[in-house]
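Remarks on the structure that follows.
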Amino acid sequence: MDQDLALKILLSGESAFLTGAAGAGKTYLLNQFIDKAREDGKNVAVTATTGIAATHLGGNTIHAWSSLGVRDFLSSNFFLKMPESRQKTIQSADVLIIDEISMLHSFQLDLIDSILRQVRDNLFQPFGGLQVVFAGDFFQLPPITRKNESLQTTTRKDKNLSLRAERSNLGVGATGLPHAMNGVRNDVNDQSSFAYNSAVWRELDPTILYLTAQWRQDDAEFLDILNKIRAGEIRRADAEKVAARLNAKLDDAKGEITILETHNVAVDRINDKKLAEINGDEKVFYRQKTGRKEYVERLAKSCLAPEPLVLKKGALVMALKNDQKQRFVNGSIGEVIGFDKNKLNYPIVKFRNGFTVTVEPDEWDLTDGENQLASITQIPLRLAYAITVHKSQGMTLDAARINLARVFEAGMGYVALSRVKSLNSLSITGLNSAAFAVNPEVLEKDKEFRERSKADVERFAHLKKKNKRRK
């Protein structure tokens, strides 16, 4: 499908899934739709599953916008504790956009649906009657899973076994919604729990807008390789062309070349080395912790804020939290330009989005229901000379050094490689065959999406004819 028809379908009010290969122009089209819908007087809620993706659209994370946060279920008093301002925001929306949908679990999408139906007082329409636009590519990174369930999830399972049976028997959920809409989480570690497997996706049955043009890659040979990876048809000769870029020299005249790694440990090692190369005094910031030792240790394992955080003037950094004043979000990148003597020497960061901010400490919590068990307070920054492949999703890089020697997830290699425009802008520092793997379930689902999109081109052909007549 071309962008012109896809835009007309969205502007007609259809709920849709906007997809296509990396570089197909999904973000560009979304921005066009957002602008035109707002010109028509519609209130468009712009969200994404990650902070970085949200910055590309000038929006918020879906978890923050919906008030879902990191919850695995909705407690009995969820709506009582929901701020009135947030409820009004949800009630006033006409359109909801969720970008990078591949990284949202199916159970999370059902929970968001439950929240919106209840808050908008419309229990019998998906998402409370909103026009919903999912955007993303399921060949890219899947929902992040945890090896160990959170304390909240474990507690929920202990307390709610009878509630599940009650829902099944009565056909009504604890929130007053039909039981199929309650977003019950069946398996935290279900790797196939893509958003399209949710109950609400099936009920919504979105129009499929599969973009086929390519706007990022300007190297036909490289584009062919990426398309073969995506189709599960990579050949030895193709892999050898990528391997030929092993330790290739890149032009670094424009500044620091981004390094992509698959694991946080490697990212930390590179960042520490880069910091050591900067002349100047270090400023060291330590975590403040509250709670029993075992709870603090549990929280520390999932808290991305370094202990300690060591910074220098000139250091490249990444934000780890959304700013309440919306000057930066989780994933925003900037440079430390100094330290604020009036505020305990907290770092002053000039972010690439134009904002200059004195970044003050923020808090991470571990809770059991409504009870806080532990907290960690730290400046929400980390060094950003190297980033993980997960953090790079949605970015377009002029050049990159990529290590794919320890790929651990289908789609990870495809995401990393498709960040750059050509083979000549790529330097491989490590590679194995898993870098070319894609999820077989997604491969089959993608065929369905392509066929559905072809049918939808025919179904909405009248929109193009109407436009021609108007011209």
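Residues passing the ring-ring contact (aromatic ring centres under 6.0 Å, His included) test with Y414: none are found, sequence neighbours excluded. Residues that satisfy the ring-ring contact (aromatic ring centres under 6.0 Å, His included) test with F351, not counting sequence neighbours, are F328. Residues satisfying the salt bridge (charged side-chain N to carboxylate O under 4.0 Å, His left out) test with K42, not counting sequence neighbours, are none. Under the rule for a salt bridge (charged side-chain N to carboxylate O under 4.0 Å, His left out), the partners of R327 that lie at least two apart in sequence or sit in another chain are D323. With sequence neighbours excluded, the residues satisfying salt bridge (charged side-chain N to carboxylate O under 4.0 Å, His left out) with E221 are K241. Applying the salt bridge (charged side-chain N to carboxylate O under 4.0 Å, His left out) test to D224 and every residue at least two apart in sequence or in another chain returns K228.
Checking side-chain atoms of K312 against main-chain N and O of L275 turns up a donor-acceptor pair under 3.5 Å. Put simply, the side chain of T49 gets close to the backbone of E100: a donor and an acceptor are under 3.5 Å apart. With hydrogens and angles ignored, the 3.5 Å screen pairs a side-chain donor or acceptor of S15 with a backbone N or O of V132. Remark: the backbone N or O of S92 is paired with a side-chain donor or acceptor of N43 at under 3.5 angstrom.
Here the options are F17, Y196, W201, the test is ring pair (Phe, Tyr, Trp, His ring centres under 6.0 Å), and the partner is F134; only W201 passes.
Classification of the F138-F194 ring pair by plane angle, with boundaries at 30° and 60°, yields perpendicular.
Within a 6.0 Å sphere centred on CD of E240, heavy atoms belonging to other residues, nucleotides or ligands number more than 12. Around NZ of K445, the count of heavy atoms belonging to other residues, nucleotides or ligands within 6.0 Å exceeds 12. Summarising the local packing, CD of E84 is surrounded by 12 or fewer heavy atoms from other residues, nucleotides or ligands at distances under 6.0 Å.
For the pair D137 and K26, the salt-bridge criterion is not met [side-chain N within less than 4.0 Å of a carboxylate O].
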Worked verdict on S193 versus S106 for side chain to side chain donor-acceptor pair (under 3.5 Å):
CA-CA 5 Å; S193 60; S106 57; 4.5 Å; no
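Side-chain atoms of R71 and L111, non-hydrogen and from C-beta on, never get closer than 4.5 Å to each other.
One finds the CZ atom of F285 at 9.0 Å from the CG atom of L344 (value rounded to the nearest 0.5 Å).
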